[in-house]
Each structure stands twice: as structure tokens, then as C-alpha cells.
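Okay, structure first, notes after.
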Amino acid sequence: MKRYSPKDIETKWQKKWDSDGTYVADLKSDKPTYYGFAMFNYPSGNSIHLGHAKNFTIPDVLLRYKRQNGFETFAPVGFDSFGLPAENFAIKTGTPPRETTDKAIESYRKQYRALGLGVDWSREIDSSLPEYYRWTQWCFTQLHKAGLAYQKDSAQWWCTKCKTVLADEQVFSGKCWRHDGPDDPLVTKKTLHQWFFKITDYADDILEATDDLNWTPWVKTAQKNWIGRSEGATVTYQLKGLGADEATIDVFTTAYDTIYGTTFMVLAPEHPVVKTYAQFADNSDEIEAYTQDALRKSDIDREANKTKTGVPIDGLSVVNPANGNEIPVWVADYVLMGYGTGAVMAVPGEDERDFEFANKYQLPIVYTTKQQEFVSYQDIKKEPKSYIVANSAEFNGMNFAEAKPKILKKLFEDGAAQTTVNYKVRDWLISRQRYWGAPIPIIHCVSCFTPDDAVAATIDCADHQGFVDIKSGKKRILTRKREENIDRLNSGSIVALRDLETKEVIHVAVRSVEFFEGVDDLYQNSNYANQTFCREFKDVDELRSVYDGNRPGYSAQLDTHGIVVVSYDTLSKPVAVPDDQLPVELPEIDDYRPDGEGRSPLAKVDDWVNAPCPECGGAGRRETDTMDGYVCSSWYPMRYLSAGDNTQAWDPGLAKKWMPVDFYNGGDHATAHLLYARFFTRFFYEQGLIGDPEPFKQMYFHAKILAPDGTFFSKSKGNGIDPLEVIDSGYGADALRTYIMFIAPPDVESPWNNDGLPSIYRFLNRIFVLVQEFKTASSEQGAVSKETGRDAEILKSAHKAIKKVTNDIEAIKFNTAISAMMTCVNELYKIKEQDRFASAAWQEALDVLVQLVAPFAPHMAEELWRDLGHEDSIHVDHWPELDEQYLVEDTMKLAVQINGKVRAEIEMSADADEESIKNEALAQENVQKHLAGNAPKKVIYVTGRLVSVVV
RNA sequence: GCGGAUGUGGUGGAAUUGGUAGACACGCUAGUCUUAGGAACUAGUGCCGCAAGGCGUGAAGGUUCAAGUCCUUUCAUCCGCACCA
């Protein structure tokens, strides 16, 4: 009898699939399409690791499943081959990156094949080849034409030792990754004129669309976070003094109602107003020194040393538009240029940071809110319980300073407040304590309960991050702008709560109500449309948004592999290179070291740099900045579809047919790459070149495989495991693939266990043996169809497996899919003991089993499929069909519970009526015992599950 | 600090979404067989207890006939973001 020998089987089928073109997609097929792949990776070194195996096996399983289900699948493969490692290797050894990369790719190909990946090799891409980057350059020029790629000055990390610019990820603990010894200098910042993508133009659209994506949830959250939208207002302040009387300054705030508490203004050191007017100040030297120092300081320093520092700009002031007060202007590095407008109206009475700053520099503090004031629509309308928590350190004889959460809670429950203090309020109380010391200034804490439906609104008004928590029964029904559950309001200023179902605004609250300087009418009735300084706030839906700054970058200059994008004409105006002159090919470079001025090594290749202006033909020079690696990967889903097409980046027809990608798997780049891809896709969608604004319909973020000791695999520890070693040790790729999918659901991080693999091998072997025995048995007996009386059992087992495996694969719960197959195999072995083995039912069951296991163990399945008498490949159009009739049970087992505890089990025929089931349950000896002669209070029958008796 | 998750046997992990907790494996224990192996097969294996029985899903409360699952509170771990005005 044939024995299971993965080594022979696997290479045999790999060759056969290649020569048959089994996985080559017909992109024009009429079949339903399914497009999926894992993030392509950077070929570095010569060996892939278990992480790669997992990364690629996940989509491979899913696509094989789809292919078996009659889909035309496209499983592309490629390499993201521009990157630093090859470049560093070049700097060190002089080996050109191309050479290193090619070698690595060759080795990767071999390993992907060994894993049995069903990918379409005919459309392989390699992002560092001119035939690819030509179109990356084209993408750039399109964005440039649309004004979405632009230049501005920007500070970059700079290592004074290697004289190069560094990317964020090359800076560790404030030091250059190459120079991180104790004696090495900290990195600094260097201002360079750089390219940026205007991704913020799409930020709202992207944000808006995020919720509806079928993506791993936390990735969606991370993306929203990354975009970092806050809503608030821009307030314009008039400058005064130092010759700035004509100028104004814009400030962004999310808490505009605190404007009366503004006692000074703070500018970021980079703010243009500082540059323009500070020189006229008496203390200009001091300002200059501070500014220079702040700019030199890295963000890391700023973070490490959170003590606030700053200098005033003597002689400069601004006028508060709300009350006409003149307030001083300061420069401080706790204000970031990248966020909002780089200027802050400081309200020390309300903001911790401003408070700290005001305290340090003896600036005035004005509290803008009065005690015990709160306007609530609900308050008036329904007179709910509504309480205002008071505000002094002494409260009912308790001292807040010493109050522990529980005591606080009790305190509120006991009387004065009569409301449960949310723990956030509590945290807030405690944290404020530090800044103010006693007495605690102002606290509003309000809960509103409508009498009947228990709608509760807790508005934590005092915190800048006030939040709303509204419930109705079990369901959260209220929110603000986006009508979704929100837990947090950035503003806390105006809260409009809507009923999700009726959309009706049922509660409007203003953060703090009565202000000190007679502005009641401004806020009392929410009619503040005429006020210039908050003109943008007619209602809550018109809040303006700002985004976290400094995001959209592009130009990592060290990376010589990168791509050159535009040329400059004689006037140094950037001119996009016309399509017909692309690609701008990278020159041969002898010396890969950067030029020391913050430019890429390209800058040293004079005869390449000095090229005529592509437009006028006059003298010009080429841009030597290179694009970030994320650009290459932002559009590759489209390129896969038209790999090799040298007339266009991609065929829009194909893109409309195949995009968005149905399934995209990855274990890294939750924000940057995925957001850039969304940005690009959205842009090209607007250009009419793609049929959908989103690149990935489903994005699955898998978790890492850990080392057996629960730590991460790492090169430095040398604890990596090479999949090839595992395969070659005799277990084979099928066992490896199946095992990786079996350890845990793919999105759960779990350790590799060396003892696990043999068990999977055993499982596969058991299937193999079963088929071989069946084959022998049926040939001996001459005929396959022999009734044995156990066919129903055999088929039930098989069809149960079909159901479970199909559902689980769809849900990407491969571990339970595999366990369902194991159960099936175990059952079949049991049946086999007593059955004559060869029958039509056996043939069907084994066909089913082999088809189910095919996505996981493709080689073995293919081999067994032939052994079972089939001629074609199992991997195309062969998924077993579920027939529910085999699953029907004649009898059912029901648990009998008494007061929630299982006391007996009864077996009833499947069509038994409720009455007889209850009677049977009560008749049980053990049930009678527990009833002890009493009649049950209640008997509940849960269909098909259990009978619950209440005594 | 803010945001997001996760907590179930000795281990990886199941649990039909409120219905018999621990599927499927690993490991362990005992046994069978033998060409003595890191093989295969059989049985057992949540905890306490000789047993009847009791206890059990990080902890504490609650809702329910019934809670790993829902609600409060709390602890721990992990991951993002971080002086975001």
C-alpha cells in the first residue's frame, strides 16, 4: 500500500500545477471573480520565516476555497523591493542593491513554491524594476498635476554623524539606528524643502468610509486615530504692538466657550508671527535663543522633558474678540506647529497644560464658569433628577483631596449629589486635584433620568474631554454628529444628543453656561450665529475639523532605490516629467553613501542630475529626492492586473472588474501603507480609472506567531524557525500549512509548539491511509457499491464536516475548520472498524473529506483525489455540496435542569411534542428526587436543547 | 494620560451568540503490540472528594428559570496614539 510521503507528492504536484497553469487567472473570465493576496514583502536575506508562511497561507487557503467553489480567483505574487537593507548592504560592501535584491527574490520564489502557494506566477511584479517604477512615477505625476503632491519646508531627523536624514523608524531612543552607542550624539532636526502628499484633502472621505469597511476592527480605529480629526472653531485675534497692528492671528479651539477665560496666547516656536515680529521685541535675543533651541530639540526631548518652558514676546499682544481684552503673547514649545494653526488661546482656568504654564510664569487665571449653572433641555422639559455636584474641597465634611473613589461614590449617593459618579468623573476629580490643589474649582456633573425609559445622560461638563453616555434600556441610542456610539466628545462644549432611530435631537447641553462677562444671551438659547469669533457654529453639524499634522510626507532621502519624480526647469520650478519620457531610470551609482547635505546619493551623479527641462528643453536639473516606499505599495493591487503592460499603469476595464481587492491579508502597516493605498485609490477613482474608491473590501490583520517561549521571534536572538527546515525534515509543506492554521485563529497571537506539528502530520496521514485502504478494499471486492447498513452514519459525519468547514473558512476560523475535519476522521475510523469499508457512501465521504482538506493540504489532496478515481485537478471547481438531509437526527438528547443545574439527560424522538418532553423530564428519577414531592413552579422547554425545571 | 483589545484546564484553544463550559489538539497517566521508535493503537485526564456530591471561565456584585456570554464596579496584561489646544 502506498505510504504518505510528502516529499515526493509535493514536488510532483508543484511541477504539474506549474506546467498546467492551474493557478493562472483568466482575468476576462465570465465566472464570478475573487481577488486576494497578502501584503507583498521586502526580499531581504535569503530566507523566509514562519511569519511569512502564515502571511501567505491565510489568503492561499481562502482563495483555494473560492477557486474550488467556482470562482475565477486571482492570487498574485510580487516583491516590494525598494528598501534600506539592500542599500545599507551596498554601502557596506559595494554590492549593488539590484544584485542583492535579485538574489533574495530568487530564493524567495523557491520558498513560496515549496509552501505550495497557488499563486499566478505569470503576473509577478517587482517594484524596483523600471517596468514597474515607470508607472509609480506616472502615479506621482498624476498627483502632482492634481496639486496633491507639493513641496514645503519640513524638519526631518538628522544624524550629525552619518550626515543623513533619518526616517522615524530609524530613530531609536533619540539616536540614529547606526549610531546608538552611549557616546553617540542625539539626532537633531534639519529643515529641508520636501515633497508632501495632500492626503488631508481626502481625510474626511476616508474617515467617513472607514466604518463601513470589512476590516479588522482595531485597524479601523487606528486609522481614525491616525487621521486624528478634532472638531472645533477657528477664532481670529487681532495683533497689537511691534508694528503688527494690521495683522491677525488664527487660533483653533475645540472649546470656544472658554474664550472668556483666555488670559494669554501661546505660539509654536515655528509660528510665522514669531519669525516676523519677534525681532522688534525688546527681548528679541531671548526669543531668538529660545526658538532656535526649541527647533533644535527633537520631539523626543520635548517629550522626555515635559516641563513647560516659554518666553513672552514683549510688546506684542492680541485682542480677545469676545471681550476686547488685551492679552500677552508667548512662545512655547508645548504648542505644536503641526496641529491646528500652531497658536493656542490659553485658558488656564480650564486647561491643564495652560494651567501649568500660567502657574510657572505667574500668568493670570480666570475661571469662566460659575457654579451651579447648567442648562439642560431635559431639565426643563421633564424635570428629571438633575443634580449639580458642588465644588469645594470641603463637601459634606469630606475632603476631596483625601477622597478615595469609593468614598466619593458613596458621598454622592448619600445626599448632596444623589447621582452615581462615573469613574471618569472620579478620575478627573483626582487628576485636577494635582493641578489646583484644594479647592477644586468647578464641577458640573449631571445625570438626567426620564421617568419612564431610564434614559440617562451623564455629561461630564468639567472635563475638556467631556463625554456622553446615554442609554435606553440596554441600547445606547444617542450620539452627536455621526449618530453612532461615541464615548467621547473632544469638545464637551455643545452636545447634541439624538435618538438614533427618530433622529430627533432630544437633548442639547452647553458645556458651561453662564459666563462672567455678561454673555448670557450668547449661549442661553444657542443662538450665537452672529458672533464673528464663532461664526462657524450655527449648529453642531457645522463644526470644522482639523487633523493631526505632519502626516503626509514623502521623501526619504537615504533610500537610493527610490524613485525620481520631477525635474526642475531653469527657474527651479518643478515640472512633472511628461508621460512619454517616463521612466526616469535610475543611474548606475558607484557610491551609495549619502552626499552629506541631506540629499540622496543620486545628487552626486552629475551627468544624471543635470538633465534638460523636459518641457522647454532648456537647462534643468533632476529632483534627487526619492519617494517613500509606501508609494510603490499604494497602487500595486492595480498593477497586478496589468503586470507586463507597458502601455499603461493598469487597464481601467480590468480594474473595474477586479477591484476592490476582495481579501487582503497582512500583519503590519495598520495605518501608513493602508491609508496611503486608500488615498491613491480614491484619487484614481475620481479620475475614473477604478470602479471603487476603496482598495480593499476586506482587510484581515493577522497576528504573529511567537517563539515557543512566548517571546517574539527575532534575528538577534536567533530563535527563528525556517519553514523550509520544517518542510524538509519530512513533515512537508501540507503539514506545516495546516499546523500554522490550526494553532489558533489567524488573528490571535500564539506560540509555536514543536510538538504540535507531528500531530497534524498524523492527522493528514490518517486521511491518507483511509483513502489507500479504501482503494485497496474496493479493488479487491471488485465493486464499490455494497450496502453495509452504516451509510447514514458515514454520510452524516461527512456532511457535518462540510457544514462546519464551509462556515469556518468563510469566517476565517481555520483552526475550528481543521478540528471539524479531525472529528470527521476520528468518526470514520471508528465506523471503519465495523464496516466493510467499500461502499458508495465511503466513496462519497472520502471525496468530501479530501475536498475539504484541499485548501490546507493542497498537495496531498490532489494526490488522493486521483487515488479516488478523479482525473481533473481538485483545486478547480470542486467543493462538496451540503445535503441537509444527512444531518437530520431521529432522536435528540435533552438536558434536564433543576434550578439551573443539570440533573438528568433524556433522549426523545426528534418529533416529540413539548408536553411529552416535559412529562418525560419530570419523570426522571433524579428529578423526582429533587422535587421531593412538590410540584414544580415552572417548567421551561428550550427547543432541541433542554428542559429547565424551577422548584 | 487618551483610545482599542484581551483575560476560560498543566499548554494552544472550543462553546450553535443567553441554553449540558473545556470541542479539537498538545502534554500527562495506564495499557496493548512490536522489526524497540521521537512509531501505532486503546482507555483516562478541569479542580476538591473513596464516594454521594460540591466547586469552577481574572475578582466582586447584579439581571435571569438559565450568564464565559448581558449590566455595574474592579484588577491584570497586551497593542495603538500621545503636550492634538
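Keep in mind it's a predicted model, so treat the numbers as computed, not measured. Chain letters run A, B, ... following the sequence lines, proteins first, then strands; residues in each count from 1.
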### Task
Verify the ring-centre separation between A:Phe357 and A:Trp330: is it less than 6.0 angstrom?
yes
Residue [X], side-chain heavy atoms: nucleotide from [options] that is nearest:
| X | options | value |
| --- | --- | --- |
| A:Arg762 | B:rA25, B:rA40, B:rG3 | B:rA40 |
| A:Ser759 | B:rC24, B:rG13, B:rA25 | B:rA25 |
| A:Leu946 | B:rU20, B:rA43, B:rC83 | B:rU20 |
| A:Met822 | B:rG12, B:rA25, B:rU20 | B:rA25 |
| A:Trp218 | B:rA14, B:rG4, B:rA40 | B:rG4 |
| A:Leu336 | B:rC83, B:rG13, B:rA40 | B:rC83 |
| A:Asn826 | B:rG12, B:rC24, B:rU20 | B:rC24 |
| A:Thr816 | B:rA15, B:rU20, B:rC24 | B:rA15 |
| A:Tyr334 | B:rG12, B:rC83, B:rA25 | B:rC83 |
| A:Lys308 | B:rC55, B:rC83, B:rA14 | B:rC83 |

#### Entry: Side chain to side chain, A:Val939 and A:Leu922, heavy atoms closer than 4.5 Å
yes
### Query
Any side-chain heavy atom of A:Phe264 sitting closer than 4.5 Å to one from A:Val329?
no
Give one of base, sugar-phosphate or nothing for [X], where a contact means two heavy atoms less than 4.0 Å apart.
| X | answer |
| --- | --- |
| A:Val896 | nothing |
| A:Ser948 | base |
| A:Phe742 | base |
| A:Lys220 | nothing |
| A:Pro217 | nothing |
| A:Glu905 | base |

## Note on the structure
Assert: residue with more 5' nearest nucleotide on RNA chain B, out of A:Ile743 and A:Asn899, is A:Ile743
### Residue whose nearest RNA chain B nucleotide is more 5′ - A:Leu894 or A:Glu749
A:Glu749
Return the pairing partner of [N] with a 3.5 Å limit on both distances, Watson-Crick or G-U wobble; otherwise return none.
| N | result |
| --- | --- |
| B:rU32 | B:rA40 |
| B:rU45 | B:rG27 |
| B:rA67 | none |
| B:rC84 | none |
| B:rG3 | B:rC79 |
| B:rU57 | none |

### Message
Can you tell me if A:Lys893 has over 12 outside heavy atoms packed within less than 6.0 Å of its NZ?
### Response
no
#### Entry: Over 12 foreign heavy atoms within 6.0 Å of CD, A:Glu925
no
OP1 or OP2 of [N] sitting under 4.0 Å from any side-chain N/O of [X]?
| X | N | answer |
| --- | --- | --- |
| A:Arg766 | B:rA40 | no |
| A:Lys813 | B:rA15 | yes |
| A:Asn815 | B:rA14 | yes |
| A:Asn754 | B:rC26 | no |
| A:Lys224 | B:rC2 | no |
| A:Arg903 | B:rU20 | no |

### Task
May I ask you to decide whether A:Lys796 forms a salt bridge with A:Glu827, counting only side-chain N to carboxylate O separations under 4.0 Å?
no
### Carboxylate-amine/guanidinium contact A:Glu914 A:Lys918, below 4.0 Å
yes
Give me the distance, rounded to whole Å, that separates [N] from [M] when you measure between the [atom1] atoms they each carry.
| N | M | atom1 | result |
| --- | --- | --- | --- |
| B:rA14 | B:rG58 | P | 14 Å |
| B:rA23 | B:rG31 | C1' | 26 Å |
| B:rU17 | B:rG12 | C1' | 23 Å |
| B:rG4 | B:rC65 | P | 34 Å |
| B:rC41 | B:rA59 | C1' | 45 Å |
| B:rG62 | B:rA30 | C1' | 46 Å |
| B:rA39 | B:rG46 | P | 24 Å |
| B:rG27 | B:rG13 | C1' | 14 Å |

Rounded to whole angstroms, how far apart are [atom1] on [X] and [atom2] on [N]?
| X | N | atom1 | atom2 | result |
| --- | --- | --- | --- | --- |
| A:Phe763 | B:rA40 | CZ | C1' | 18 Å |
| A:Met345 | B:rC84 | CE | P | 15 Å |
| A:Leu706 | B:rC78 | CG | P | 13 Å |
| A:Glu925 | B:rA52 | CD | P | 14 Å |
| A:Tyr829 | B:rU42 | OH | C1' | 15 Å |
| A:Asn765 | B:rG37 | CG | P | 20 Å |
| A:Asp250 | B:rA85 | CG | P | 17 Å |
| A:Glu773 | B:rC41 | CD | P | 11 Å |

### Task
Could you tell me whether A:Lys308 sits above the aromatic face of A:Tyr334, with NZ or CZ closer than 6.0 angstrom to the six-membered ring centre and within 45 degrees of the axis?
yes
### Query
In terms of base orientation, is B:rU17 syn or anti, with the syn window spanning 90° either side of 0?
syn
### Task
Could you check if the base of B:rG12 is syn or anti? Syn means the glycosidic torsion is within 90 degrees of 0.
anti
### Message
Taking donor-acceptor contacts at under 3.5 Å, does the side chain of A:Lys937 reach the base of B:rC65?
### Response
no
#### Entry: base_contact_polar (B:rU16 base, A:Arg945 side chain, donor-acceptor, <3.5 Å)
yes
### Query
side-chain contact (heavy atoms from CB on, under 4.5 Å) with A:Asp734: which of A:Tyr4, A:Phe856, A:Tyr739?
A:Tyr4
#### Entry: Step-by-step ring pair (Phe, Tyr, Trp, His ring centres under 6.0 Å) determination, A:Phe701 to A:Trp218
CA-CA 9 Å; A:Phe701 203 96; A:Trp218 72 263; 4.8 Å; yes
